[in-house]
Structure formats: C-alpha cells, structure tokens
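I have placed the structure first, in the form of structure tokens, so that the comments after it can refer back to it.
Since the structure is predicted, the reported quantities are computational estimates derived from the model, not experimental observations. Numbering starts at 1 and runs along the sequence shown. Counting convention: from 1, in listed order, for ligands and their atoms alike.
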Amino acid sequence: MTLRVRFAPSPTGWLHLGNIRTAVINWMHAKQAGGDFLLRIDDTDLERSTDEFRAGIEEDLRWLGLDWDDYAKQSERFEAYDAARDGLIAAGRLYPCYETGAELELMRKTASIQGKPFIYNRATYPLSDEDEAAFKAEGRTPHWRFALTPGEIRWDDLARGDTSFEAENLSDPVLIRGDGSYLYTLCSVLDDIDLGMTDIIRGEDHTSNTATQIQLFEVLAAMKGLSDFSVPRFAHMPLVTGADGSKLSKSNGALSIRDLREDCGLEPLTIVTFLSRLGTPDGPQPVSAIDELAGSFDIARFGRSSPRMDPDELVPLNGKIVRQLPYAAVEGRFEGLNETRWAVIQPNLERLGDVADWLRLIEGPVTPVIEDAAFVETAAGLLPEGALNADSWSAWTDAVKAETGAKGRGLFMPLRQALTGQERGPEMAVLLPLLDRDKILARLRGEAA
Ligand code: GLU
C-alpha cells in the first residue's frame, strides 16, 4: 500500500518556520518511502479563511520545493460532511447538547477550582422530548457531540511510542457548532478516510484529539462499510520553541516564509534542510537538492523533547549551501554571470542575491568616490602590468604603500571607493581580477565606468 500523508493548513495566516516544519516532515516522510504528499486546505471556517492566504500557502510550498501529489479543499466537501453527520445521528453516536457557552464556561471553571480536568458530563444525553422542546422554546440551538465508547484507546505513536487514553477521561468532542458549522474533527477524520491517508504527522498539541478521532475513524469507516479499514499511523511531533526556549512566536523565531524569501534572501533549500533536521541529533548538512534530504530522512531520528529554533543558524547554513551549488543551479539566473565569474565569486557568498552586487561592480557603471585625486592618480600609475590575478591586489597595494607611505585604511579605502564607489563590499583581492583594465583605469580617473 502506498504511504500517504497530508499537510493540512488553515488558510487564516501565512506559513512560518513553526508550521511549515510539519509540512517538511510530512513531505520527507512520504518521499523517503516513495509515497504521496497531499495538500489539504482546511477552510471550513469561511469567515477567517481567505483566498489570499490559500494562494500564499501554495506559493510558499512550491517555492520551497514541497510539491504535492494530491490536493483537497474542505470547503468543497460539505456534502460529504453532511452525509457523515446524518449517519452519525442515525447511529445514535452524535447527540444534541443545549448548554450555552456561558454554562460550559462555568462548568470548566468549577472543575478547575476543584482541581479536576473538565470532562463533559453528558447532562442531557439521552434527552427527553419534553426537555428538548423546553430548550427549543427558550430559543436555544443545539451543538452536537460525538459519544465516545468507554474503554482504553491505544496506539503506537511514531514519535511518542506507546500512547494510551481512557475514553472515560475525555469529553465527548463537539463536531458541530450551534450554528450548524462543522468543527475540524469531523471534517479531518472523514477526509483522512476518503483520501486514503496512511500516516498522520502533526504537532503534539493534537495528541488528545487523536484519542477521540481514533474512535471516530472506526465508526465512520464502519458506516461506510470499509471492512478492511485500518486507522492511520500517527506521529505527534514535539512542538518547536523559540531560541529562548519559550513558546514560538513572531518575536522569537516564527519568521514567515515570505520574509525569509524576500527580506532575508535565503535559499528554499536552506529552510528545508534546516527544518528537516531540527529536533534530530543530525546537524543540518548542506546538500545540493531536496531529494538528497528525503533519501536520508527517518522520522525515528526525532527526539521527544521540544527543539529550540534559532533562525540565526539559517544564514551560515545558507552560505554553506550557496558555496557548494554547481554552476548549473545558477545558470541564467543573473545577467552577466558566467562560469569563470561564478567560480571566483562563489566562495565569497553568504546569499545568492549577493551575486547581483558583484556583477554590478564588475559590469558598471560605477560612479567613483575620490577624495584625494593625487593619491589615486599615483596608484593608477602603479597598477601591475598584464592580466590581473589573485595576487595583483597585494602587489599593487604594496607598491602604492612603498611609493606614498600610506597604510591600513588610508591605503585601501581610497582604492576601494574609487573602484566600487562604496566603503564596503566584496573583498578587493577577489574583485580586482574580475574587473576590466580599462574600467579600472577610468574609475581611477574619476570617470563613471
Ligand atoms: N488544520 C489543522 C491544524 O492546522 C490540521 C491538523 C491536522 O494535521 O490534523 O491544526
């Protein structure tokens, strides 16, 4: 049977380093087994879900190279949810509850004061016709809960190991709100059955949901007459914390994929490499393609404690990845880049975007900055003859030093400013041999070239 997993974001915000990790782990887990990765858009909350976020999520996943083999949208499956609802009601497993939000809140508070977990008491289940009529007369509309069967719910979690709950210690989950809208639980379980999921990998905040969902899987599969159905395998991954060990948030590491792409100029491969190893003892090794990561991926490598995410580790990793990209990976991406230039520039890069800065200086025009024209003119006369190479810069500056007595910043800065028009930038010894001799001489004369 083909292994099938899904990533199921709600399109109510942008993807960030925290939630995209689930996608990365799912994708890797599927690909290492030659399985399928499905993108499921959990957009039943019609008010908070937007098409802009949906499109943004898809764009981010594509950019990262996490292509999907199958696709579903919950908002297109309401008929299937309606049928499941009707079946569950007919089977006596879905029952109406008439408590108001305030009443439930009071029950929760009372339990908390008594130091007990809140477990819904099934106060009106079963409900007499008279009571039901009385609630309706008060103008109350029911929400609907799934009736759990007492007993142990147990599974062998791929991340947590043997996991068990007693159904008696869990509240019957609400599947339908008072306004008739569906909660995630019913939709998710039905989708997981209909779309043939074999493995469900998500954050450990879903662990107790899983206990109730396992019963729902069994009931819905039986209603569908799926006699050889088996409940998917689960992996509940420890949640990532920020670099400071506290809950992940915008300020301590949950950078959005758009920011990382647009403002930080990181390679998609850097982000995927980093996230596919975060939480394992294996440091992120630079690779040149995403498939290499999948080849060595093993969900059993993940530890049971919450890993800390430090986005500062991304830039050095990005540098390592960029510095080992073959020319073929960048060919055609920058006008003016050729294999010779790439070979010289590449060892100096932290970000691929820096290539554009190098090319701008090489191709010009650069407007020189010259404060001491006489000094620069003297230097121009001392530029080594013949083709410039990796030693030319030190030979040249030695000669200028001997002639003028200038040293340190006073020696290097006027030459840098004349040749690049700026105070900072690429290493001059590397840049110099890439510059055309005529351009060098023109810039030293103060001409834009
Ligand atoms: N839309 C759900 C969430 O983002 C999916 C959870 C799941 O993977 O089942 O929490």
Side-chain angles (χ1 to χ4, degrees), residues 3-30 35-51 53-54 56-58 60-61 66 68-78 80-81 84 146 153 155 157-160 163 165 170 173-177 181-217 220-221 231-240 247-249 254 256-257 275 299 302:
L3 188 150
R4 277 168 71 80
V5 301
R6 82 295 195 282
F7 174 53
S10 302
T12 53
W14 303 119
L15 292 178
H16 56 72
L17 279 177
N19 53 22
I20 197 74
R21 177 173 179 252
T22 307
V24 170
I25 294 175
N26 271 290
W27 194 91
M28 295 287 158
H29 182 65
D36 295 338
F37 172 78
L38 170 119
L39 174 61
R40 188 182 88 196
I41 303 292
D42 282 4
D43 56 353
T44 49
D45 183 343
L46 298 174
E47 264 169 33
R48 289 177 58 232
S49 301
T50 73
D51 211 45
F53 284 133
R54 182 205 46 78
I57 288 170
E58 292 175 15
D60 288 351
L61 285 169
L66 304 174
W68 48 94
D69 305 292
D70 206 347
Y71 179 90
K73 242 174 161 181
Q74 290 193 326
S75 58
E76 290 170 358
R77 288 183 35 83
F78 283 117
Y81 308 142
F146 174 61
I153 306 168
W155 73 95
D157 196 286
L158 295 175
R160 300 163 53 90
T163 305
F165 285 82
L170 300 167
V174 178
L175 300 189
I176 302 176
R177 296 187 188 86
S181 65
Y182 292 107
L183 272 109
Y184 141 84
T185 308
L186 174 64
C187 308
S188 182
V189 172
L190 193 66
D191 293 346
D192 288 334
I193 295 173
D194 289 349
L195 298 163
M197 294 302 112
T198 61
D199 294 41
I200 296 178
I201 306 172
R202 54 190 174 192
E204 68 181 356
D205 49 333
H206 282 285
T207 312
S208 62
N209 292 341
T210 295
T212 58
Q213 288 184 13
I214 285 176
Q215 286 202 358
L216 191 55
F217 267 110
L220 289 176
V231 172
R233 299 192 296 176
F234 293 94
H236 292 91
M237 310 305 292
L239 298 182
V240 174
K247 191 170 185 281
L248 193 65
S249 68
S256 78
I257 301 302
L275 293 175
I299 199 159
F302 285 80

Listing, residues 193-204 side-chain donor-acceptor contacts under 3.5 Å, not counting sequence neighbours, or none:
from: Asp194; atom 1: OD1; to: Lys224; atom 2: NZ; distance (Å): 2.9
from: Asp194; atom 1: OD2; to: Arg77; atom 2: NH2; distance (Å): 2.8
from: Thr198; atom 1: OG1; to: Arg4; atom 2: N; distance (Å): 2.8
from: Thr198; atom 1: OG1; to: Arg4; atom 2: O; distance (Å): 3.3
from: Asp199; atom 1: OD2; to: His29; atom 2: NE2; distance (Å): 2.9
from: Asp199; atom 1: OD2; to: Arg233; atom 2: NE; distance (Å): 3.3
from: Asp199; atom 1: OD2; to: Arg233; atom 2: NH2; distance (Å): 2.8
from: Arg202; atom 1: NH1; to: Tyr184; atom 2: OH; distance (Å): 2.9
from: Arg202; atom 1: NH1; to: Gln213; atom 2: OE1; distance (Å): 3.4
from: Arg202; atom 1: NH2; to: Thr210; atom 2: OG1; distance (Å): 2.7
from: Arg202; atom 1: NH2; to: Gln213; atom 2: OE1; distance (Å): 3.0

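- Looking at heavy atoms from C-beta onward, Leu239 lies out of side-chain contact with Leu248 at the 4.5 angstrom threshold.
- Val174 pairs by the side chain to side chain contact (heavy atoms under 4.5 Å, CB included) definition with His143, Arg145, Leu183, not counting sequence neighbours.
- No side-chain heavy atom of Ile20 sits under 4.5 Å from any side-chain heavy atom of Asp60.
- Taking the six-membered ring for Trp and thresholds of 30 and 60 degrees, Phe7 and Phe37 have nearly parallel ring planes, at less than 30 degrees apart.
- The protein residues lying under 4.0 angstrom from ligand 1, judged by non-hydrogen atoms, are Arg6, Ala8, Ser10, Asp42, Tyr184, Ser188, Arg202, His206.
- In this structure, Asn26 has no side chain to side chain donor-acceptor pair (under 3.5 Å) partners at least two apart in sequence or on a different chain.
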